[in-house]
Amino acid sequence: MKTLFSVLGLIAALLAIILAILPLETIALIPAAIALVFVLIGFFIAKNEGKKFIKFTFILTLLAFALIIFKTIFSGESEVKIDQEFIEKNQESEEKAIEELENLEELDNFEVTDSIE
Amino acid sequence: MRALVFLFFFVAQLTFSQNQVTAFQAGEKLVFTASYNMSGLMTDLAQLTMQTSEIKTSNNTLLKLKCTASTYSKWDSFFKIRDLYESYVSPKTLTPYLYKREIDEGGHYKFVKYTFNHRSKTVKSFRRQKSKNFESGFWDRESTVKIIPGTKDLVTTLYHIRNLDIHKAQIGSSDTFTVLFDNKETKINFTLLGIETINTALGRKECYKLAISVSDSDVLKGRNNNLLWLTKDENKIPVHAKFKIAVGSGELKIKSVSGLKN
């Protein structure tokens, strides 16, 4: 039983660490909390016998929590990177649109449509 | 992301008359945070902006309505989104002349261009997708789509709903309008559920609460799961929206505003 909870705790702790490293630190809280529960149960069952493995899992769980807290505090507000390529694409699109609208005007489309509504 | 954008496109024409643009002006910018529900926890995914500007051609001055979506930098390495939606419309009537949609979502690229001809009630459509089957690397398709009077594109519809006289509508009233999306005329229904005061980044705001659904489509799930809150003032700012789609649910929240008309 002790081994089972230790292994489950280890899996949950590792999952929490992976999610915390990815930009999923909020979701990482779920496996981290599960890992903590398993570790505590493991500690309770083990009593005074061989706790090495469960201690290792406990340290991993603490590490997961530390990572989550660190990322939550220091990753700051979500920001959008200034994407020069996207900015240029926006500008190009506008320039092309103006050319296309000039052609539409030649078709005398505008006055007609404006009076439709 | 299509669903996120779709989320905005609800509202009517029957009960709510509109004669001139009163809710916004060129130079307005609205910034939103888009969040997605991951295992019950809302996770900020992308930033959406809605911008208006004046565009001058040799003979006319038009209004450009632009919506962009960009993933937050921390997501760019995993699933990068750079979407651009724009519409060039009459500044008086919001009649669309040209609509463009260029999306790049995690490597999935699509470009759509609609050129409206309201006289012949047609739209010239150009669609481009990435494809290995063509030497150019793109699959281009051109076609002409018949439309009914009043059909608009997504972006124009989004702004159009802000310009409606919602204060004249009765609570519980509903209506339908037509949007051209993916070369199909789609009927979008909305219902004014009531007036609600909610907390937003702009402060506590009294809002119109609207429910949205799409006819003959399962894009949006549930009857009252897709909601939009517009401020109950002359600007009718979309401050909050909730949506439910096949693969989950999410929400949009206003982050900042500038260049408001009123």
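Worth saying up front: this structure is predicted, and the values here are computed from it rather than measured. What you see below is based on every heavy atom in this structure, not just the backbone, and it leaves out hydrogens, waters and symmetry mates.
Residues of residues 62-70 of chain A lying under 4.5 angstrom from chain B, judged on non-hydrogen atoms, do not exist. Using a 4.5 Å cut-off between non-hydrogen atoms, the part of residues 26-38 of chain A that approaches chain B consists of Thr26(A), Ile27(A), Ile30(A). For residues 83-92 of chain A, the interface with chain B (any heavy-atom pair closer than 4.5 Å) comprises Asp83(A), Phe86(A), Lys89(A), Asn90(A), sorted by residue number.
Under 4.0 Å is where a charged nitrogen must lie from a carboxylate oxygen, and between Lys100(B) and Glu102(B) no such pair does. Lys56(B) and Glu54(B) are joined by a salt bridge, as a carboxylate oxygen and a charged side-chain nitrogen come within less than 4.0 angstrom of each other. The residues Asp44(B) and Lys74(B) are annotated as not salt-bridged, no charged nitrogen and carboxylate oxygen being separated by less than 4.0 angstrom.
Ring geometry, Tyr159(B) versus Phe24(B): the interplanar angle exceeds 60°, so the pair is classed perpendicular (tilted spans 30 to 60°). By the 30° and 60° cut-offs, the orientation of the rings of His118(B) relative to Phe116(B) is parallel.
Using a 4.5 Å cut-off between heavy atoms, Lys121(B) does not touch chain A at all. For chain A, the nearby parts of Ser70(B) are the backbone and the side chain; heavy atoms of each come within less than 4.5 Å. For Thr33(B), no part lies near chain A; criterion is any non-hydrogen pair under 4.5 Å. Neither the backbone nor the side chain of Glu99(A) comes within contact range of chain B; no heavy atoms are under 4.5 Å apart.
The closest side-chain heavy-atom distance from Ile81(B) to Trp75(B) is not below 4.5 Å.
Residues Thr71(B) and Asp76(B) have side chains that bring a donor and an acceptor to within less than 3.5 angstrom of each other. Residues Thr178(B) and Thr151(B) bring no donor and acceptor atom of their side chains to less than 3.5 Å of each other.
With Glu100(A) contributing its side chain and Leu98(B) its backbone, the two residues share no donor-acceptor pair below 3.5 Å. The closest donor-acceptor contact from the side chain of Glu86(B) to the backbone of Lys64(B) lies at 3.5 Å or more, if one exists at all. Although no hydrogens or angles enter the test, the distance criterion places no donor-acceptor pair under 3.5 Å between the side chain of Glu79(A) and the main chain of Ser73(B). Thr52(B) places a side-chain N or O within donor-acceptor distance of the main-chain N or O of Gly27(B), the cut-off being under 3.5 Å. Remark: the backbone N or O of Leu62(B) is not paired with any side-chain donor or acceptor of Asn60(B) at under 3.5 angstrom. Asn163(B) contributes a side-chain N or O that, together with a main-chain N or O of Thr22(B), makes up a donor-acceptor pair within less than 3.5 Å.
Your options are Arg82(B), Lys66(B), Gln47(B), and the one with the most heavy-atom pairs under 4.5 Å with chain A is Arg82(B).
Considering only residues two or more places apart in sequence or on other chains, Phe126(B) meets the side chain to side chain contact (heavy atoms under 4.5 Å, CB included) condition with Phe111(B), Lys113(B), Arg128(B), Asp140(B), Glu142(B).
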